[in-house]
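All chains are named by letter (A, B, ...) in the order of the sequence lines, taking the proteins before the strands, and each is independently numbered beginning at 1. Quick note: numbers below take in every heavy atom, side chains included, and nothing from hydrogens, waters or symmetry partners.
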Number of protein chains: 2
Amino acid sequence: MTESPSKHKRRLHEDVFEQIAVQILDRTLPPGTALPKDAELCTRFGVSRTVIREAIQVLAAVGLVDVRHGAGTYVNETDRWDLLDQRLLYMMGSTGTVGFLIDDLLDIRRMFEVEAAALAAKRATPEDIQALETLVSRMRDPSTTSSEYLDLNLEFHAGLVQASHNRILQGLREQLRGVLAVMMNARQSQANAEMQIVSTAMHQMILDSIRERRPDRAQAVMLAHVQGAERSLQTRSSGHHDT
Amino acid sequence: MTESPSKHKRRLHEDVFEQIAVQILDRTLPPGTALPKDAELCTRFGVSRTVIREAIQVLAAVGLVDVRHGAGTYVNETDRWDLLDQRLLYMMGSTGTVGFLIDDLLDIRRMFEVEAAALAAKRATPEDIQALETLVSRMRDPSTTSSEYLDLNLEFHAGLVQASHNRILQGLREQLRGVLAVMMNARQSQANAEMQIVSTAMHQMILDSIRERRPDRAQAVMLAHVQGAERSLQTRSSGHHDT
DNA sequence: CGATATTTGTACGTATGTATT
DNA sequence: TAATACATACGTACAAATATC
C-alpha cells in the first residue's frame, strides 16, 4: 500500500471550511464581517445545512469566527484565532499569511529546542543516542544533498524530542511541526555547503553533550544553533526594544 | 446577565463523551477494548445515532479511540492520547488519573514559566509591570488568605505570559491552564504562611528583574521558584542532578 | 475466493427549541 | 410580540470498509 500519509477522503465540510478560512486569513473577509446566513451558504456551496453547520463549527472551534445565537456569524479579531491549531498554521504557511507570527514562532522554537536538548542530555537512552548518531553521520556525508540535509535536520530535532522522553513535548512538537517545517524551508533558500558544515558541527556538539550527560552544554549549544538560524528570519526590532 | 464563564448548555454528546472517556482514563475500558457498536450505544444512552457519532468523533479526536470503518471502535494505547487536550487534562485532574503525567507536566511548566519570565523581562510594557506590581503587593498583604494567595499566584503567571507579548505562548498557557491549576492546588495543601513569605519574595525578585530588564536574572529566579515547587510533586526517580 | 451480513461514514430533511432583533 | 437566525437532536438512506461464512 503506497499511500500518502494525508489520505483523508475529503469531506464536504472540510472544503467549505477551507474556502472560508482562507478568505479570513488573507483578509478578504476582515474581522467584524458577517458571514452569509446558513441558508445562503447552503445554496452557494450546494450542500445541506448539516455540512454548513459542520464547517462553521470548525471555523468557530479555531476561533476564526464568533457564532452569535440568533444574530449571525462574525469574523473574529486576530487575537481570538487559535494560533496553535495545525490546520490554521498550515494554511497560514501555504497562503503566505504567516508573517505576523514569525517572531512568536521563533520564540517558541527556541524555548522548545533548548529544553528538548537539555532533557535529552538527562534522559537519552543508548538507543536514542545511536539514532541521533546515525543522523549526524549522514549529515557529515558529502554526498548528502541540500534537500536531504533539511530532512535530516528535522529528523534530528524529532529524535531529540524523542530522547527527552517527555510525552507532552512530543505532542507539542506534533502541533508545531507544520509551521516549523515552513520556517525551516524558508531558511533553506539560504542554505549552502558552508552552512551545512557549521550546522553539522553544531549537531555533533549537541550530540556529544547528550552522550556526556551535560544538559547545560547541550542547552547552550542548541541556543547558539537556533539563534543562528533566527537571524535570517526574524522581523522584530531585535535587541533594542521599545522606547 | 451574571453568568459563570463556562455556562455551555450541556449537549447530549458531551455527556456521552465524558462517561466513556472517564472509563477509558481509569482503565475500566483498557486499551484494545472494543466499544459497543453505535446501535447498542444508542439504546444504552437513550439518544440518537447522531449524538453517539458526535461523541465518538470527539473521543477519536483526542486519540482515546481508533474508529475502524466497518470493523468497530477500539480503545487506543496511552501514547495515542492527545495529552495537550484541555478536556482530557481536566478530566485526568478531576478523576485522579493524571499521575502518570505529573513529571512531564513539571518539565513543561518549568520550560514555560522560565521562558515567559525571560521574555517578559525583554518586552514588558509599563502597564504590564504595573499590573504585576499590583498583584505582588496584594500577595504581601497579610490579610490575604491562603486561597486568595493561590489565585494571585495564577494571576501573576498569567500576567507574566501577557507581558511576554508572545501570542503563541498565551495560547499554550490557555491549553495548559487546567492542569497547571490542578498541580498548584495539589501544592496548596502544603502551603502555609511561611511558604507564602518566601514565595512572595521570589515573585518580587522576578518582578524587579523584569523592571530592570534583566532576562537572565528573571529566568534564574523563576527557575529556582518553579523547582522549589517541583520537589513536593515529582515522582521521577532522578532526584539529584545539576542545574 | 466470493457472497453476504455487519458496522461505520456521510449527508439529507425535518422538527423543535432558543436567543436576538 | 413577531420575525429571523442559530442550536440541537431525530430518523433515514445509502455508501464504503470490513468481517464472516
Side-chain angles (χ1 to χ4, degrees), chain A residues 1-21 24 29 32-76 80 87, chain B residues 1-21 24 29 32-76 80 87:
Chain A
M1 289 158 226
T2 43
E3 294 204 349
S4 69
S6 55
K7 181 56 187 306
H8 302 93
K9 185 157 300 176
R10 202 155 183 75
R11 292 191 53 179
L12 293 184
H13 82 255
E14 296 180 62
D15 219 58
V16 175
F17 163 75
E18 194 170 310
Q19 289 191 48
I20 298 176
I24 294 174
L29 295 172
T33 311
L35 255 53
K37 59 187 178 189
D38 290 11
E40 190 172 329
L41 291 170
C42 285
T43 62
R44 180 175 305 182
F45 287 98
V47 295
S48 77
R49 188 159 170 253
T50 309
V51 173
I52 295 296
R53 301 247 70 242
E54 285 170 332
I56 290 182
Q57 230 173 318
V58 180
L59 285 168
V62 299
L64 287 181
V65 302
D66 184 22
V67 188
R68 298 181 205 149
H69 193 157
T73 303
Y74 297 86
V75 176
N76 276 336
R80 309 271 309 271
R87 286 161 300 197
Chain B
M1 315 267 255
T2 42
E3 295 203 350
S4 70
S6 57
K7 180 56 186 304
H8 302 91
K9 185 157 302 176
R10 202 156 181 76
R11 293 191 52 178
L12 292 184
H13 82 256
E14 296 180 61
D15 218 58
V16 175
F17 162 75
E18 196 170 308
Q19 289 191 49
I20 299 177
I24 295 175
L29 295 171
T33 311
L35 255 53
K37 59 188 177 189
D38 290 10
E40 192 173 329
L41 291 170
C42 286
T43 62
R44 179 174 306 181
F45 287 98
V47 295
S48 76
R49 190 165 167 242
T50 309
V51 172
I52 295 296
R53 302 245 71 243
E54 284 171 332
I56 290 182
Q57 231 174 317
V58 180
L59 286 168
V62 300
L64 287 181
V65 303
D66 183 22
V67 188
R68 297 179 206 151
H69 191 161
T73 303
Y74 298 85
V75 177
N76 276 335
R80 308 271 308 271
R87 286 161 299 197

Interatomic distance where CD belongs to A:Glu54 and P belongs to C:dT10 [whole Å]: 9 Å

Side chain of B:Thr73 only, heavy atoms from C-beta on: which candidate in C:dT8, C:dC12, C:dA11 is closest? C:dT8

Gap between atoms CG and P, on B:Asp15 and D:dA9 respectively (whole Å): 10 Å

CZ of A:Arg68 to OG1 of A:Thr73: how many Å apart, nearest 0.5 Å? 9.0 Å

Strand contacts (DNA chain D) in residues 56-72 of chain A, 4.0 angstrom heavy-atom criterion: A:Val67, A:Arg68, A:His69, A:Gly70, A:Gly72

Nearest-angstrom distance from the residue atom NZ of A:Lys37 to C1' of C:dT21: 13 Å

Would you say A:Gln19's side chain and A:Val16's backbone share a donor-acceptor pair under 3.5 angstrom? no

Considering non-hydrogen atoms only, spot the tightest contact between A:Ala34 and A:Tyr74 and give its length. CB-CE2, 3.4 Å

If only atom types and distance count, is the side chain of B:Asp66 paired as donor or acceptor with the main-chain N or O of B:Asn76 below 3.5 Å? no

Distance in angstrom units between B:Glu14 CD and D:dA7 P, rounded: 14 Å

Nearest-Å distance, CZ (B:Arg11) to P (D:dA7)? 9 Å

Measure CG/B:Asp38 against C1'/C:dT10 and give the value in whole Å, please. 13 Å

Rounding to a whole Å, what distance do you find between A:His13:NE2 and C:dA11:P? 8 Å

Which of the following nucleotides, C:dA11, D:dA7, D:dA5, is nearest to the side chain of A:Val51? C:dA11

Need to verify one output field. Residue with the more 5' nearest nucleotide on DNA chain C, A:Val47 or A:Tyr74? A:Val47

Closer than 3.5 angstrom, by distance alone: can the side chain of A:Glu40 be matched with the main-chain N or O of A:Lys37 as a donor-acceptor pair? no

Can you name the nearest heavy-atom pair linking A:Val75 to A:Leu29, along with the distance? CG1-O, 3.6 Å

Out of D:dA9, C:dG13, D:dC6, which nucleotide sits closest to the side chain of A:Thr50? C:dG13

Return the value, rounded to whole Å, for the distance between atom CG of A:Leu12 and atom P of D:dC14. 18 Å

Side-chain atoms of B:Arg49 come closest, of D:dC10, C:dA15, D:dA13, to D:dA13

Would you call A:Glu18-A:Arg87 a salt bridge at under 4.0 Å N-O? no

N or O in side chain of A:Arg53 less than 4.0 angstrom from D:dC6 OP1/OP2: no

